[in-house]
Number of protein chains: 2
Amino acid sequence: MKDVAEQAGVGIKTVSRVVNGEPGVTPETMARVLTAIQDLGFRRNDSARTLRTGRTGAIALLVEQVADPFSSALTGAAEEVASRHGTLLLTGSCRDDPHRERELALAFCARRVDGIIVVPAAADHSYLAPEMAAGLAAVFVDRPPVDLEADSVLADNAGGARRGVEHLLAGGHRRIGFLGDSETFYTAAERLRGYHEAVAGAGLTVDPRLVEMDALKPGRIDLALARLLDGPAPATALFTGNNRLTVEVLRRITGRPGRPALVGFDDFELADLLTPGVTVIAQDPAGLGHTAAELLFSRLAGDASAPHRIVLPTRLIPRGSGEAGPAHR
Amino acid sequence: MKDVAEQAGVGIKTVSRVVNGEPGVTPETMARVLTAIQDLGFRRNDSARTLRTGRTGAIALLVEQVADPFSSALTGAAEEVASRHGTLLLTGSCRDDPHRERELALAFCARRVDGIIVVPAAADHSYLAPEMAAGLAAVFVDRPPVDLEADSVLADNAGGARRGVEHLLAGGHRRIGFLGDSETFYTAAERLRGYHEAVAGAGLTVDPRLVEMDALKPGRIDLALARLLDGPAPATALFTGNNRLTVEVLRRITGRPGRPALVGFDDFELADLLTPGVTVIAQDPAGLGHTAAELLFSRLAGDASAPHRIVLPTRLIPRGSGEAGPAHR
DNA sequence: CTGAAAGCGCTTACAG
DNA sequence: CTGAAAGCGCTTACAG
């Protein structure tokens with residue numbers, strides 16, 4: 001900028017004005033400056049600008065794993081909002097490692113991002129408290145923060161699972177197996193809660209032998225399915241607590257005689273192309289990302305109200321796998 | 001840092017030494033400094049550091065659209081490499097808009113990223129030349145740069161397509177339809193070239209009525225399929241030039257009597273669960289991301305050799321859809 | 001082992 | 001309309 005000023009024969013502040021589109025520069029002066037900028041291939045150094053203004057024009061997003069469909073849909077939506085606000089998005093994958101979440105989040109803070117969106121892996125987010133006190137805006141997505149007052153945007157996990165199980169109940173099923181991830185995950189616990197509510201709501205008691213948590217642990221899924229389907233009183237329908245479980249279960253029940261009905265939590269691509277189509281409770285990862293990013297920007301714009309907790313609805317998409325009654329067994 | 005120095009009763013440089021783990025500080029001094037850091041909740045401001053050192057410890061990745069599976073696999077792999085190098089990854093989606101690619105790339109340059117990985121959308125990358133002259137490392141992925149000397153990491157598009165078409169030829173097909181994206185895309189043109197090579201290699205002449213490019217334009221796919229399959233001399237097999245085409249074609253031929261054989265370029269999740277399983281030429285998006293990132297870091301580490309052009313192999317995965325002969329029609 | 005001074009490239013707050 | 005001075009928070013190059 002100094003070089004540009006010299007070459008154009010103006011003060012450094014005038015160059016700054018031109019670069020930032022500030023008013024109060026004669027057209028001729030501006031032309032001279034622009035020429036000098038061209039000639040020298042000048043580009044503003046945003047680090048210096050950040051250092052002075054305290055704002056980076058960047059926000060960070062921490063997800064579980066960028067490469068999975070849920071995260072990438074969420075990321076895409078957040079990126080769209082960020083770009084609309086002229087803001088850059090920095091991303092990081094925590095890989096469900098609490099330590100890594102913390103490390104990444106603090107690295108982003110050291111870079112002085114204006115705000116951060118976190119799909120939390122950690123069980124304690126108090127480490128962000130000093131950052132927030134220093135002005136960081138933070139929004140949690142998919143799972144609420146622990147030991148920290150902050151905004152969160154969640155899917156209606158319990159309501160969605162309840163709806164899915166009610167759908168199976170309405171089809172005449174009385175023995176519905178539930179396959180879930182570890183209960184230490186907020187989402188898994190909530191979905192299990194929805195299952196309980198639906199079963200109880202139908203006047204039935206939950207048979208603990210129909211609930212298989214931690215089903216994604218190595219080797220567990222075959223065991224779980226054997227227990228659910230091969231006993232003396234087998235389940236006639238299954239509700240799977242997430243995407244990966246749905247797919248893994250499908251791999252194992254496809255072509256099986258007396259195949260149980262199936263409803264899965266979370267939609268996935270090609271669910272409609274399988275035979276039969278897979279009935280799911282669709283959540284809205286793009287909606288989560290979009291809402292979280294908008295909320296973050298409203299905080300950055302000065303909204304200082306009490307932390308919000310926004311819950312996005314889910315919806316049932318019947319496609320065939322969840323509509324077969326128990327009779328055919 | 002000044003505050004910490006004051007509180008600890010040391011010089012500012014000593015604090016810097018402690019923060020950066022530089023040697024030459026007494027244990028006692030270090031303890032005093034660390035305590036002060038704790039008390040004040042101090043965290044180094046990386047903008048200031050960047051301003052002084054000229055290195056950000058961040059690289060940028062521009063993809064077509066973070067939310068699609070190809071891009072997210074690529075991003076995930078690049079992120080893994082970056083994190084292993086203690087480097088942050090900034091991402092942006094160009095959405096196939098040349099203007100946006102340029103804008104984003106230059107915004108990242110203004111932030112002084114150490115390097116940039118680009119899945120190019122633009123038809124002219126000379127805008128990066130001044131940046132590269134100023135020390136920016138750049139690697140292009142999936143498509144080569146235009147009007148710029150730089151590293152590129154590509155999939156073997158022509159070879160893969162040739163292999164896929166040869167597979168259909170080996171199954172006895174003589175009329176193989178090709179559905180491709182716009183020929184203005186490097187990848188689409190290369191895959192078409194592979195198709196030509198395979199057909200010519202079998203001693204046949206390419207029937208132009210069997211080639212449908214621009215098939216992803218609105219409304220074009222139904223027209224293309226009608227022309228390929230409903231004429232007097234229909235294709236008995238199809239080769240689809242990308243993922244989205246494969247899925248769209250599947251939606252339309254599933255359940256169709258005399259369904260043509262199908263091989264698609266690029267693998268996709270659940271391709272094995274469909275009936276029949278979908279035979280594909282798998283490319284390796286994670287491998288592309290990984291290789292590109294490693295190449296970028298080798299440049300950052302000082303490798304100044306001539307630009308590389310790395311081509312990653314593809315592989316055929318037979319699953320059923322491509323193995324039916326022409327006889328059943 | 002430790003620290004004072006200069007400077008990275010901008011913007012802020014002024015003065016003219 | 002324009003510009004000189006100060007300062008953002010670090011690191012570099014020295015000196016002690």
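Excluded from the calculations below are hydrogen atoms, water molecules and symmetry mates; all remaining heavy atoms, backbone and side chain alike, are included. Being a predicted model, the structure only gives us computed values, none of them experimental. Just so we're on the same page: letters track the sequence lines, and every chain starts at 1.
If you run side chain to side chain donor-acceptor pair (under 3.5 Å) between B:T56 and each of B:T87, B:D114, B:T50, only B:D114 comes through. Applying side chain to side chain contact (heavy atoms under 4.5 Å, CB included) to A:Q7 and the options A:L40, A:T35, A:V15 leaves one that passes, A:L40. Checking A:D96, A:L62, A:L106, A:V119 one by one against A:E101, the side chain to side chain contact (heavy atoms under 4.5 Å, CB included) holds for a single residue, A:L62.
Atom CZ in A:R55 sits roughly 17 Å away from atom C1' in D:dC8 (whole-Å rounding). As a whole-Å value, the separation of A:D46 CG from C:dC10 P is 9 Å. Note: CZ (B:R112) to C1' (C:dC10) measures 11 Å, nearest angstrom. Look at CE on A:M1: it is 9 Å from C1' on C:dT11, rounded to the nearest Å. Between the CD atom of B:E6 and the P atom of C:dG3 there is a distance of 13 Å, given to the nearest Å. Between the CZ atom of A:R49 and the P atom of D:dG9 there is a distance of 17 Å, rounded to whole Å.
Under the 4.0 Å criterion applied to side-chain N and carboxylate O atoms, B:D46 and B:R112 are not assigned as salt-bridge partners. Under 4.0 Å is where a charged nitrogen must lie from a carboxylate oxygen, and between B:E80 and B:R84 at least one such pair does.
Residues satisfying the side chain to side chain donor-acceptor pair (under 3.5 Å) test with B:T26, not counting sequence neighbours, are B:T29. Residues meeting the ring pair (Phe, Tyr, Trp, His ring centres under 6.0 Å) test with A:F185, sequence neighbours left out: none. Looking at residues two or more places apart in sequence or on another chain, you find no ring pair (Phe, Tyr, Trp, His ring centres under 6.0 Å) involving A:H308.
Here the nucleotide nearest the side chain of A:T53, chosen from D:dG3, C:dT2, C:dT12, is C:dT12. Among the nucleotides D:dC10, C:dT11, C:dG9, the one closest to the side chain of A:N45 is C:dG9.
DNA chain C forms stems at C:1-3 with D:14-16, C:5-12 with D:5-12, C:14-16 with D:1-3, each a run of 3 or more consecutive Watson-Crick or G-U wobble pairs whose two key distances fall under 3.5 Å.
DNA chain C lies under 4.0 Å from no heavy atom of any residue of residues 22-39 of chain A.
Counting non-hydrogen atoms of neighbouring residues, nucleotides and ligands closer than 6.0 angstrom, the CZ atom of B:R102 reaches no more than 12 such neighbours. When the shell of 6.0 Å around CZ of B:R244 is examined, it contains 12 or fewer heavy atoms from other residues, nucleotides or ligands.
Contact annotation for A:V19: no contact, since no heavy-atom pair falls under 4.0 Å across all strands.
If B:V10 and B:L51 are placed on DNA chain C by their nearest nucleotide, the residue sitting closer to the 5' end is B:V10.
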Using the 3.5 Å cut-off, write out each protein N or O paired with an N or O of nucleotides 4-7 of chain C and the distance between them.
unit_1, atom_1, unit_2, atom_2, d
C:dG7, N2, B:R52, NE, 2.6
C:dG7, N3, B:R52, NE, 3.3

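Under the 30°/60° scheme for interplanar angles, the aromatic rings of A:H85 and A:F297 are found to lie parallel.
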